[in-house]
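Notes to accompany the following structure.
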Amino acid sequence: MNAEEICDRIRHLTLAEVYAALTYYYANTQELETYLLHQAAEVKRLEAWHSNFGKYEMLR
């Protein structure tokens, strides 16, 4: 999507805010991608913990 399409979808953002976010993303792509990978790993860890916790609770 281009910036205008993003504004059409997320109506509470201004075009300037979308361009600012895109500028930040492109200036910090590696850092943001690393952050997102860490967040995804944390989600998987918590899902596994929750799944195992549920099994433990059923055994009680």
Side-chain angles (χ1 to χ4, degrees):
M1 287 190 291
N2 64 36
E4 289 79 10
E5 291 168 329
I6 294 170
C7 276
D8 288 342
R9 275 201 159 173
I10 307 172
R11 296 192 179 273
H12 67 276
L13 293 177
T14 66
L15 189 56
E17 291 170 326
V18 171
Y19 276 116
L22 291 171
T23 299
Y24 182 84
Y25 173 77
Y26 287 115
N28 300 283
T29 302
Q30 187 60 47
E31 180 182 347
L32 289 170
E33 292 296 328
T34 300
Y35 171 79
L36 292 173
L37 285 172
H38 283 107
Q39 291 299 308
E42 180 66 2
V43 166
K44 285 185 179 187
R45 185 187 73 76
L46 291 171
E47 286 174 341
W49 179 85
H50 180 69
S51 175
N52 290 332
F53 183 77
K55 291 175 189 173
Y56 171 76
E57 286 296 308
M58 284 191 282
L59 294 175
R60 291 175 92 192

Under a single-linkage rule joining Ile, Leu, Val, Met, Phe, Trp and Tyr whose side-chain heavy atoms are separated by less than 4.5 Å, which residues share a cluster with Leu13? Met1, Ile6, Ile10, Val18, Leu22, Tyr24, Tyr25, Tyr26, Leu32

Linking directly or through intermediates, with side-chain heavy atoms under 4.5 Å: list the remaining ILVMFWY members grouped with Leu15, chain and number order. Tyr19

Per-pair distances, 0.1 Å, donor-acceptor, side chain in residues 34-42, under 3.5 Å, sequence neighbours excluded:
from, atom 1, to, atom 2, distance (Å)
Thr34, OG1, Gln30, O, 2.9
Thr34, OG1, Gln30, NE2, 3.4
His38, ND1, Thr34, O, 2.9
Glu42, OE1, Arg45, NE, 3.0
Glu42, OE2, Arg45, NH2, 2.7

Can you name the side chain to side chain contact (heavy atoms under 4.5 Å, CB included) partners of Thr14, sequence neighbours left out? Ala16, Glu17

With sequence neighbours left out, write down each residue that passes side chain to side chain contact (heavy atoms under 4.5 Å, CB included) with Asp8, or none if nothing qualifies. none

Would you say Asn28's side chain and Glu31's backbone share a donor-acceptor pair under 3.5 angstrom? no

Here the gap from Ser51 atom OG to Leu46 atom CG, rounded to the nearest 0.5 Å, amounts to 12.5 Å

